Amino acid sequence: MLLMTAELIIQGAQLRTQLPGHDVAAPQSVAIAGGRILAVGAPDEISETFRGSATRVDDASGRTLTPGLIDAHLHPIQGVELTQGIDLGGIADRGAMLEALRREAARVRRETTGGWVRAWNLDYAVFEGEALSASMIDDATDGLPAIIFFFDYHTALASTEGLRLAGITGARTFKDSSEVVVDGSGRPTGELREDSAYAPSLEILPELSRDETRASAREILAGMRRSGLTGGTIMDGNSGTLDLLEALDSSGAGLPVRIVSAMDVKPTASAADRA
């Protein structure tokens, strides 16, 4: 049998293959060529059988090697729009959050005209169960329009100026479970539940250029690859998503991860929308 010479050998790792009975305590090596695994086995055996003069050998001693993960439910292109501004992930108290917003508001005042204070990845625990309101962030955002997304993107908190510019003046009726939360007098508090409620804010935010969108999308996908993902399915695809993925794939560098895009068809979509 003709054996291929490996382009890459990952040597001496602790392997987790997900094959029954295959995981062993002893270090093993993996031979790779043409984007495929040729063999897995003892380091000496793999080196003797698959190593050639041009084979690159990466020493993974003391490390664990696992199969690449595939995520069946992704929103990376929607994430381009939603992950602008500052990342509030890891902030555990309100004081630290407000200080981060103050710094970002100062930057927006200094560097932009008509800009918004934007933030994302906030933990609900920062508010310790207190009802959300625009007044909580108005001082920190220096009167600027602002919108903050919580880590799950099911809720956003807008500043008073952000509500005004988006034309959100009271409760609205949606065809889904979205809600503009209002107080006892019917005025919006600033809490916007689900995407239909915060869509008016997104619609008036400054748009990214095509190049900025492509660069941000590539960085998001590259971050997925660095985390161990090798592929996934986009759950909210549309024609714009497909165009963007095609542009990234044909750019020369290709897509950082393998992507399948499911098309998002809402119950309210017309026949033209579904075509």
Side-chain angles (χ1 to χ4, degrees), residues 1-80 82-83 87-92 120-121 123 151-153 214-237 241-242 244-263:
M1 180 176 63
L2 180 63
L3 296 177
M4 294 181 62
T5 298
E7 298 169 1
L8 169 67
I9 292 176
I10 302 176
Q11 180 173 277
Q14 181 79 37
L15 299 188
R16 293 288 181 264
T17 67
Q18 297 183 325
L19 296 175
H22 188 273
D23 295 338
V24 296
Q28 295 188 295
S29 293
V30 181
I32 301 169
R36 295 182 176 276
I37 293 175
L38 303 178
V40 173
D44 290 346
E45 175 187 350
I46 294 297
S47 180
E48 180 179 343
T49 307
F50 295 97
R51 184 172 182 175
S53 59
T55 300
R56 190 181 96 205
V57 178
D58 288 351
D59 185 3
S61 300
R63 300 184 181 184
T64 299
L65 187 65
T66 70
L69 303 175
I70 298 174
D71 193 324
H73 189 129
L74 295 171
H75 296 275
I77 307 305
Q78 184 183 32
V80 172
L82 296 178
T83 58
D87 181 357
L88 298 177
I91 290 179
W120 54 285
N121 204 18
D123 194 324
F151 68 88
D152 59 0
Y153 287 100
R214 287 171 59 177
S216 185
R218 178 170 292 283
E219 178 54 33
I220 288 172
L221 295 175
M224 291 177 181
R225 181 180 63 186
R226 290 192 296 271
S227 73
L229 290 176
T230 57
T233 301
I234 293 176
M235 301 305 294
D236 56 350
T241 297
L242 298 181
L244 179 57
L245 292 172
E246 178 63 29
L248 291 172
D249 195 31
S250 60
S251 65
L255 287 170
V257 294
R258 298 181 181 92
I259 290 293
V260 173
S261 182
M263 302 304 285

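Just so we're clear, the structure is a prediction, and the values are computed from it rather than from any experiment. Heads up: numbering here begins at 1 and tracks the sequence.
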If you round to the nearest 0.5 Å, how far is [atom2] of [Y] from [atom1] of [X]?
X: D123; Y: D152; atom1: CG; atom2: CG; answer: 9.5 Å
X: I259; Y: L229; atom1: CD1; atom2: CG; answer: 9.0 Å
X: Q78; Y: Y153; atom1: CD; atom2: OH; answer: 8.5 Å
X: L69; Y: T230; atom1: CG; atom2: OG1; answer: 7.0 Å
X: T49; Y: M4; atom1: OG1; atom2: CE; answer: 14.5 Å
X: L74; Y: L221; atom1: CG; atom2: CG; answer: 8.5 Å

Mind listing the closest non-hydrogen atom pair of [X] and [Y] along with its distance?
X: P27; Y: G12; answer: CB-O, 3.5 Å
X: D236; Y: T241; answer: O-OG1, 4.2 Å
X: G237; Y: S261; answer: CA-OG, 3.5 Å
X: A60; Y: I10; answer: CB-CG2, 3.8 Å
X: I234; Y: I77; answer: CD1-CG1, 4.0 Å
X: I46; Y: V30; answer: CG2-C, 4.5 Å

For atom CZ of R51, is the number of surrounding heavy atoms from other residues, nucleotides or ligands below 6.0 Å larger than 12? no
Counting only heavy atoms from other residues, nucleotides and ligands, does the tally under 6.0 Å from CG of D44 exceed 12? no
List the steps and the verdict of side chain to side chain contact (heavy atoms under 4.5 Å, CB included) for R214 and L244. CA-CA 7 Å; R214 287 171 59 177; L244 179 57; 3.5 Å; yes
Any non-hydrogen side-chain atom of [X] less than 4.5 Å from a side-chain atom of [Y]?
X: E246; Y: L242; answer: no
X: R258; Y: I70; answer: no
X: D87; Y: W120; answer: yes

For [X] and [Y], indicate whether the former's side chain and the latter's backbone hold a donor-acceptor pair under 3.5 Å.
X: E7; Y: G34; result: yes
X: R56; Y: A6; result: no
X: S47; Y: P43; result: no
X: R218; Y: L248; result: yes

